[in-house]
Structures are given as structure tokens and as C-alpha cells.
Amino acid sequence: MYKPKRSYYLPGKLVTAFDKECSKSGYVREKVVAAAMLSFLDSNPNTRNAMFERLHSFLTGKKS
């Protein structure tokens, strides 16, 4: 299956954790991404802000 190149940058730490969790649970990565995007788009602004804060704390390694 041909996979197009991504036009955005994802930190290696995040990609590695994502791949590990998908493999462990037996999920298809593309479907997980689609579900996450839908969840983000359906959420309210406060929930979106919390998602961005969790992402930031994950990437910087700081616990909130």
C-alpha cells in the first residue's frame, strides 16, 4: 500500500509511543488517527485546550 509523505513534523517520541500503543492493542494506525481527529473536532474549546496542554506536557516531559 502506498503511503503519501506527511507534510507536517511529528516528534519521534510521540510517533514511537503511538506506534507502540497501536501495535499493542491491535489497531490500524490510520483509523486511530481518524478517530482522534473526529474526537478533537467534535470537542468544545475547553476540551481542545486541555488536549493541547496534555500534548505539551507529554512532549516536554513535565507532569502537570
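Residues take their numbers from the sequence shown, with the count starting at 1. Computed over heavy atoms, backbone and side chain alike; hydrogens, waters and symmetry mates excluded.
Separation of atoms CD (E30) and SG (C22) is listed at 9.0 Å; rounding is to 0.5 Å.
Scanning for side chain to side chain contact (heavy atoms under 4.5 Å, CB included) contacts around D19 gives V15, R29, with sequence neighbours left out. Listed by chain and residue number, T47, R48, M51 satisfy the side chain to side chain contact (heavy atoms under 4.5 Å, CB included) test with S43 (two or more places apart in sequence, or in another chain). By the side chain to side chain donor-acceptor pair (under 3.5 Å) test, K24 is found to be paired with E21, residues two or more places apart in sequence or in another chain being considered. When the ring pair (Phe, Tyr, Trp, His ring centres under 6.0 Å) test is applied to F52, the partners found at least two apart in sequence or on another chain are F40.
The cluster map of Ile, Leu, Val, Met, Phe, Trp and Tyr, joined by side-chain heavy atoms under 4.5 Å apart, puts V33 and L41 in different clusters. Under the 4.5 Å side-chain heavy-atom criterion for Ile, Leu, Val, Met, Phe, Trp and Tyr, V28 and L38 are members of distinct hydrophobic clusters.
Proximity of a side-chain donor or acceptor of S39 to a complementary backbone N or O of A35 within less than 3.5 Å is not detected.
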